[in-house]
Amino acid sequence: MVLDADVHDLNTRLLLSKGQKIAQNHIRILKIWGVAGVSIVGSTDEKATDLPPLDDEQVAMVKASIDLVYKKADLNHPILKEIYKNALIQRIKGTFGDSHALSCQILPDGQTLGKPEKLKKQIDQTDIKLPDAPTIISELNQVIADPLATSNDVAQVVSRSPSLAAMLLKIVNSAYYGFPSKIDRISRAVTIIGTKEISGLALGICVMQAFQDIPDDVMNMEAFIRHSLACGMVSRILAAQNNMAQTEQLFVSGLLHDVGKLILYKYYPEHAKACLGVGFSSDTSIFQAEKKILGLSHPQVATVLLKKWNLPGDLTANIVHHHAPGSAPDPKTAGIVHVADIIAHGLAIGSSGERSVPHFDCSVLGQVVKSKESIKMVFRQIVHQFGPMDAIFSNQ
């Protein structure tokens with residue numbers, strides 16, 4: 001492959017020149033500097049219509065499942081229409097094949113898992129039971145907040161948790177980053193990836209690990225983590241497309257976007273089951289069911305947890321406003337998580353419990369997505385990038 005145009009980093013510094021032949025180490029450099037895509041001489045897009053043999057009944061079933069996901073969407077909007085089309089193509093191809101992830105939650109005969117009328121508003125926002133933050137999260141928060149923190153400072157904190165250190169080394173040694181030689185020390189990983197980036201990754205992993213013991217009769221956590229991971233990875237891709245420096249922060253924002261649901265699943269399982277039941281047996285989304293049954297939604301629950309754990313303000317805002325990015329302090333970054341969530345649901349990678357995406361904030365789409373072609377690129381990239389990260393998280 002030969003470059004058809006110059007490639008610059010976020011600060012417009014020239015990375016590679018037009019006419020340069022692309023090698024594996026160049027791809028690694030482009031990933032590190034957040035370059036989402038490049039123009040190649042004589043390149044042709046893979047045919048999105050290259051589908052396996054299917055009969056009309058199979059296509060109809062796939063289309064019905066994705067129509068349910070996007071039933072509240074204005075598919076006349078060109079960007080939403082492009083998201084729908086590409087998600088439909090990938091589902092027909094069976095790229096991820098996670099549509100079964102919801103089956104364990106669907107109830108027979110439209111029954112619900114609880115009695116909503118008895119649960120309504122039993123949870124008061126000020127009385128929500130919350131876990132204390134693991135010690136390592138508090139220490140990481142201090143490192144992130146300290147502008148003078150060094151790679152050794154971060155490495156010392158991370159190394160106090162062998163499981164976290166091992167997880168981070170697996171990530172930086174994965175095909176996702178593509179380093180040519182093995183990285184065997186956290187300090188070296190921090191130096192290469194960056195202090196704040198590694199701190200953010202560690203933070204996201206710690207939070208997810210704190211909720212691993214949620215029972216399967218409430219939520220399939222493997223499916224939940226896969227959906228969260230997909231949202232994080234798409235958020236990172238969108239951030240790179242927008243030439244934003246904080247790509248790893250957006251990855252963590254996407255990874256933790258539904259942390260409020262984890263609180264409900266772990267500490268209020270009967271309430272959560274009631275919301276899931278209503279969502280599966282009616283035309284109501286789980287997001288709407290939470291407001292009706294609990295008197296508040298999972299982003300509101302997340303607000304309380306994130307403040308208690310003293311997580312960084314930008315990260316908190318992206319998570320809390322991921323359903324309404326227009327009201328966020330930075331609508332663009334929250335909008336990236338919003339759009340990533342929409343795409344992850346469409347691809348049917350895992351499940352957060354929602355059968356359909358509850359709301360589309362079209363006001364931010366123009367800020368986040370520049371063209372229909374950029375949507376196609378997002379789908380191509382997540383198809384190629386998801387496997388290596390999924391293998392790491394599913395075996396943590």
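In this text, all values refer to a predicted model and were calculated from it rather than measured experimentally.
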Looking only at heavy atoms, which two atoms of [X] and [Y] are closest? And how far apart?
X: Ala202; Y: Leu140; result: CB-CD1, 3.7 Å
X: Ile183; Y: Leu169; result: O-CD2, 3.7 Å
X: Cys231; Y: Ala344; result: N-CB, 4.0 Å
X: Gly200; Y: Val252; result: O-CG2, 3.0 Å
X: Met219; Y: Ser352; result: CE-O, 3.8 Å
X: Ser235; Y: Ala340; result: OG-CB, 3.2 Å

Go through the steps for Ile171 and Ile205 under the test side-chain contact (heavy atoms from CB on, under 4.5 Å), then give the verdict. CA-CA 11 Å; Ile171 290 174; Ile205 294 166; 3.7 Å; yes
Do [X] and [Y] make a side-chain contact, defined as non-hydrogen atoms from C-beta onward lying under 4.5 Å apart?
X: Asp184; Y: Asn173; answer: no
X: Asp330; Y: Asp314; answer: no
X: Met167; Y: Phe393; answer: yes
X: Val172; Y: Ile192; answer: no
X: Tyr265; Y: Leu276; answer: yes
X: Asn76; Y: Lys81; answer: no
X: Glu139; Y: Thr135; answer: yes
X: Val234; Y: Leu238; answer: yes

Would you compute the distance between atom [atom1] of [X] and atom [atom2] of [Y] and round it to the nearest 0.5 angstrom?
X: Lys273; Y: Ile293; atom1: NZ; atom2: CD1; value: 14.0 Å
X: Tyr84; Y: Ile343; atom1: OH; atom2: CD1; value: 15.5 Å
X: His345; Y: Ile83; atom1: NE2; atom2: CD1; value: 12.5 Å
X: Lys308; Y: Leu306; atom1: NZ; atom2: CG; value: 12.0 Å
X: Lys63; Y: Leu88; atom1: NZ; atom2: CG; value: 7.0 Å
X: Ser151; Y: Ile198; atom1: OG; atom2: CD1; value: 10.5 Å

**Request:** Dump the intermediate steps for side-chain hydrogen bond (donor to acceptor under 3.5 Å, both in side chains) on Glu82 and Asn86, then the final yes or no.
**Result:** CA-CA 6 Å; Glu82 192 66 28; Asn86 282 273; 2.9 Å; yes
Tell me whether [X] contacts the main-chain N or O of [Y] through its side chain, where contact means a donor paired with an acceptor under 3.5 Å.
X: Asn318; Y: Ser253; value: no
X: Asn242; Y: Val368; value: yes
X: Gln209; Y: Cys206; value: no
X: Ser374; Y: Ser371; value: yes
X: Lys72; Y: Val69; value: no
X: Tyr70; Y: Ile342; value: yes
X: Gln367; Y: Val364; value: no
X: His257; Y: Gly254; value: yes
X: Asp258; Y: Lys261; value: no
X: His322; Y: Ile319; value: yes

Per side-chain contact (heavy atoms from CB on, under 4.5 Å), Gln90 is matched among Thr95, Ile382, Ile349 by Thr95
Which of Ile193, Asp153, Val143, Asn141 passes side-chain contact (heavy atoms from CB on, under 4.5 Å) with Ser199? It is Val143
Walk me through it: do Val301 and Glu290 pass the test side-chain contact (heavy atoms from CB on, under 4.5 Å)? CA-CA 10 Å; Val301 177; Glu290 290 168 350; over 6 Å; no
Step by step, would you call Asp361 with His323 a side-chain hydrogen bond (donor to acceptor under 3.5 Å, both in side chains)?
CA-CA 8 Å; Asp361 192 340; His323 279 303; over 6 Å; no
Those residues at least two apart in sequence (or on a different chain) that pass side-chain contact (heavy atoms from CB on, under 4.5 Å) with Glu248 are Tyr177, Glu197, Leu201, Arg236, Phe251
Run Leu315 and Leu203 through side-chain contact (heavy atoms from CB on, under 4.5 Å) and show every step you take.
CA-CA 11 Å; Leu315 177 66; Leu203 198 62; 3.9 Å; yes
Residue [X] excluded, over 12 heavy atoms near [atom1] under 6.0 Å:
X: Lys196; atom1: NZ; result: no
X: Lys332; atom1: NZ; result: yes
X: Lys71; atom1: NZ; result: yes
X: Lys372; atom1: NZ; result: no
X: Lys370; atom1: NZ; result: yes

In terms of hydrophobic clusters joined by side-chain contacts under 4.5 Å, are Phe287 and Val259 together? no
### Message
Are Leu75 and Ile375 connected into the same hydrophobic cluster when the rule is that any two of I, L, V, M, F, W, Y join if their side-chain heavy atoms are below 4.5 Å apart?
### Response
yes
Please walk me through it: do Glu373 and Arg380 pass salt bridge (Lys or Arg N to Asp or Glu O under 4.0 Å)? CA-CA 11 Å; Glu373 183 59 37; Arg380 286 198 296 269; 3.5 Å; yes
Could you go through Thr150 and Thr195, starting from their C-alpha distance and side-chain angles, then the distance that decides it, and tell me whether this counts as side-chain contact (heavy atoms from CB on, under 4.5 Å)? CA-CA 7 Å; Thr150 66; Thr195 301; over 6 Å; no
Is the ring pair Phe386/Phe96 parallel, tilted or perpendicular, if the boundaries are 30 and 60 degrees?
perpendicular
